[in-house]
Asker: 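Mind having a look at this structure? Questions to follow.
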Amino acid sequence: MSSRGDYARSGLVVLTVLVLHLALFSDLRVLGIAPEVPLALAITAGLVGGSQRGAVAGFVIGLGIDLYLPTLLGLSAFIYAVWGYSVGLLQERIFRSAWWINTGVTALATVVGLLTYALFGELLGETNLYTDHLYSVMGVAAAYSLLLSLPMLWLWRWSWPSLRRQEP
Amino acid sequence: MAAGTRSARSRVTLIFLLLTSATLLTLDARDFEPLGRTEEALVDFLSPLRDRLDDLFDPVGDGWAGFTGYDDLEDENQSLREQLQQLRGQQILESDAAARLEALLAQVGLPYVQDIPNVVAEVITANVGNFDRYSVQINRGSADGLRHGMPVVTRGGLVGRIDGDPQQGYARVTLITDPEFEVGVLVVGTDDVALAAGGGDGEPLRVQTGLEIDTAVEVGDQVVTSGLDRSRYPPGIPVGTVSELDVDDARLQQLLAVEPSANPSGLSFVTVLLYDPLAEQP
């Protein structure tokens with residue numbers, strides 16, 4: 001069961017990481033490409049919290065970043081909710097919670113998440129998403145997600161201590 | 001049993017969230033005004049915190065840019081030194097060229113744009129994500145009189161336009177390099193109004209329609225906004241210089257590559273022209 005403290009801490013994590021992304025991470029570019037921090041945060045939420053928490057966290061994070069993107073409001077929320085849920089579902093049914101598996105899954109899900117974001121966006125009439133540039137973005141963002149996944153996983157475990165109490 | 005219930009509950013949650021997202025997407029695509037106002041209020045609510053963190057982390061971002069782009073900076077420095085040498089030698093010619101452009105504009109009946117009310121703005125973020133590389137955010141918004149579609153210039157010429165309804169203290173600028181960016185142009189000294197479109201990062205603009213095959217155009221000719229036919233841009237803003245010429249034999253039109261006169265990358269300050277084409281109508 002989620003406690004009020006879980007909600008408060010996870011809200012704090014989402015808000016802090018989003019603002020940090022806007023103020024800091026979006027400037028830390030390699031080859032002109034910034035880390036996909038919000039997407040990685042949604043994926044790690046699924047890895048730690050499972051499908052339901054992953055979906056909700058993904059939706060909220062996506063909605064937050066949508067406010068600052070020129071694309072349609074709800075596009076990131078849709079994709080991040082799907083990936084938060086999917087990764088959470090895989091984690092519940094297939095993965096072991098080894099740190100290296102979680103890290104690898106975050107990087108891989110970042111790549112697939114970006115691809116679905118671009119394809120779905122183009123389907124909705126957005127432009128400049130599915131271009132040659134996308135492949136470079138996927139590569140660099142995956143490398144960043146590898147690096148950032150461990151602190152993010154830690155943040156989610158900190159914000160949801162009630163999950164540890166439920167473990168057998 | 002418990003796992004099954006949990007799984008069903010998370011499926012229902014996902015469906016609810018996806019339906020909510022789809023609703024938001026639909027409303028935003030239809031420019032539903034209350035949604036825009038809510039977005040604006042949320043961004044304004046977060047902006048003080050973001051501004052403070054921006055100030056705090058600016059040195060980190062600058063340091064990172066210096067670290068990752070050190071080789072590029074060295075190359076750029078070298079290239080700028082060479083350009084400076086050339087410019088010193090051509091200073092007299094350049095001032096003559098500016099006067100010549102003004103004279104040419106006057107000759108074809110185009111006013112110089114400097115009398116239009118304007119607002120100087122600082123570029124606050126190049127871009128937030130990886131898919132918005134053809135836009136920047138500036139620190140002026142609706143409170144300063146900015147509206148959708150207003151032209152954005154630098155000393156060099158046109159760099160973009162205000163995109164979407166600006167928020168109170170922020171606005172988004174779509175850059176001239178965006179392949180979706182279109183502007184009506186005139187090659188100075190000709191009468192044909194042509195359509196120029198962005199060519200992508202580091203690429204010249206493309207003119208593919210509107211320039212008859214017998215119109216006299218040469219490499220090096222100046223290209224300015226036409227300002228005709230309810231154009232959202234006033235006439236006479238420098239757009240660039242013709243760098244390549246080609247001919248489309250099938251359509252009997254000339255195809256031009258136009259090197260932008262203003263560099264849209266690495267912008268720090270821009271000027272927004274408070275130009276409303278409808279207000280200009282007689």
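Throughout, protein chains are lettered first and strands after them, A, B, ... in sequence-line order, and every chain is numbered starting at 1.
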Asker: With respect to chain B, which residue among A:L69, A:L114, A:V30 yields the maximal number of heavy-atom pairs within a distance under 4.5 Å?
Answerer: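 Answer, by heavy-atom pair count under 4.5 Å with chain B: A:L69.
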
Asker: If I take atom CG from residue B:D54 and atom CG from residue A:L22, how far apart are they, to the nearest 0.5 angstrom?
Answerer: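 With rounding to 0.5 Å, CG (B:D54) is 8.0 Å from CG (A:L22).
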
Asker: Taking side chain as everything from C-beta outward and backbone as N, CA, C, O, which of these in B:R11 sits under 4.5 Å from a heavy atom of chain A? Side chain, backbone, both or neither.
Answerer: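 Backbone plus side chain of B:R11, per the 4.5 Å heavy-atom cut-off to chain A.
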
Asker: When only pairs under 4.5 Å are counted, which of A:G32, A:A77, A:A34, A:G121 shares the most heavy-atom pairs with chain B?
Answerer: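 Most heavy-atom pairs under 4.5 Å with chain B: A:A34.
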
Asker: For A:L31, is it the side chain, the backbone, both, or neither that has a heavy atom closer than 4.5 Å to a heavy atom of chain B?
Answerer: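 Neither part.
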
Asker: Say you draw a straight line from CD of A:E92 to OG of B:S7; how long is it, rounded to the nearest 0.5 Å?
Answerer: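 Here the interatomic distance stands at 7.0 Å.
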
Asker: If I take atom CZ from residue B:F57 and atom CG from residue A:L20, how far apart are they, to the nearest 0.5 angstrom?
Answerer: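 Atom-to-atom, B:F57:CZ and A:L20:CG are 5.0 Å apart.
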
Asker: Checking B:Y134 against chain A: side chain, backbone, both or neither under 4.5 Å from a heavy atom?
Answerer: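 Looking at B:Y134, just its side chain touches chain A.
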
Asker: Under a 4.5 Å cutoff for heavy-atom pairs, which residue among B:L24, B:T23, B:L35 has the most contacts with chain A?
Answerer: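 Heavy-atom pairs under 4.5 Å are most numerous for B:L24.
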
Asker: So for A:S136, is it side chain, backbone, both, or neither that comes closer than 4.5 Å to the heavy atoms of chain B?
Answerer: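 The answer is neither part of A:S136.
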
Asker: Do you know which of A:V56, A:V60, A:V82 makes side chain to side chain contact (heavy atoms under 4.5 Å, CB included) with B:L17?
Answerer: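 Only one option passes, and that is A:V56.
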
Asker: Report the option among B:L46, B:L18, B:T13 that has the most heavy-atom pairs separated by less than 4.5 Å from atoms of chain A.
Answerer: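 If we count pairs closer than 4.5 Å to chain A, B:L18 comes out on top.
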
Asker: Measure B:L56 against the heavy atoms of chain A and call it side chain, backbone, both or neither at under 4.5 Å.
Answerer: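 Neither part, no heavy atoms under 4.5 Å.
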
Asker: Given that the side chain runs from C-beta out, which part of A:L18 has a heavy atom under 4.5 Å from chain B: side chain, backbone, both or neither?
Answerer: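 No part of it gets close to chain B.
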
Asker: Determine whether B:N130 and A:Y117 satisfy the following criterion, side-chain contact (heavy atoms from CB on, under 4.5 Å), listing intermediate values before the conclusion.
Answerer: CA-CA 12 Å; B:N130 288 311; A:Y117 178 88; over 6 Å; no

Asker: Please state whether the side chain, the backbone, both or neither of B:E39 comes within less than 4.5 Å of a heavy atom of chain A.
Answerer: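 Answer is both: backbone and side chain atoms of B:E39 are under 4.5 Å from chain A.
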
Asker: Sort out for me which of A:G50, A:G74, A:G62 touches chain B most, counting heavy-atom pairs under 4.5 Å.
Answerer: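 Option with the greatest count: A:G74.
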
Asker: Taking side chain as everything from C-beta outward and backbone as N, CA, C, O, which of these in A:Y85 sits under 4.5 Å from a heavy atom of chain B? Side chain, backbone, both or neither.
Answerer: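 Side chain of A:Y85 only, per the 4.5 Å heavy-atom cut-off to chain B.
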
Asker: Going by the side chain to side chain contact (heavy atoms under 4.5 Å, CB included) test, name the single residue among A:L24, A:T16, A:V19 that passes it with B:L53.
Answerer: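 Passing option: A:V19.
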
Asker: Is A:F59 in contact with chain B via its backbone, its side chain, both, or neither, using a 4.5 Å heavy-atom distance?
Answerer: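 Only the side chain of A:F59 comes within 4.5 Å of chain B.
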
Asker: Would you mind checking which part of A:V140 comes under 4.5 Å of any heavy atom in chain B, side chain (CB onward), backbone (N, CA, C, O), both or neither?
Answerer: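 Contact with chain B: none, neither part.
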
Asker: Which bit of B:D178 comes within less than 4.5 Å of chain A, counting heavy atoms only: side chain, backbone, both or neither?
Answerer: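 The side chain, not the backbone.
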
Asker: Please look at A:S51 and chain B and tell me whether the side chain, the backbone, both or neither of the residue comes under 4.5 angstrom of a heavy atom of that chain.
Answerer: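 Both backbone and side chain.
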
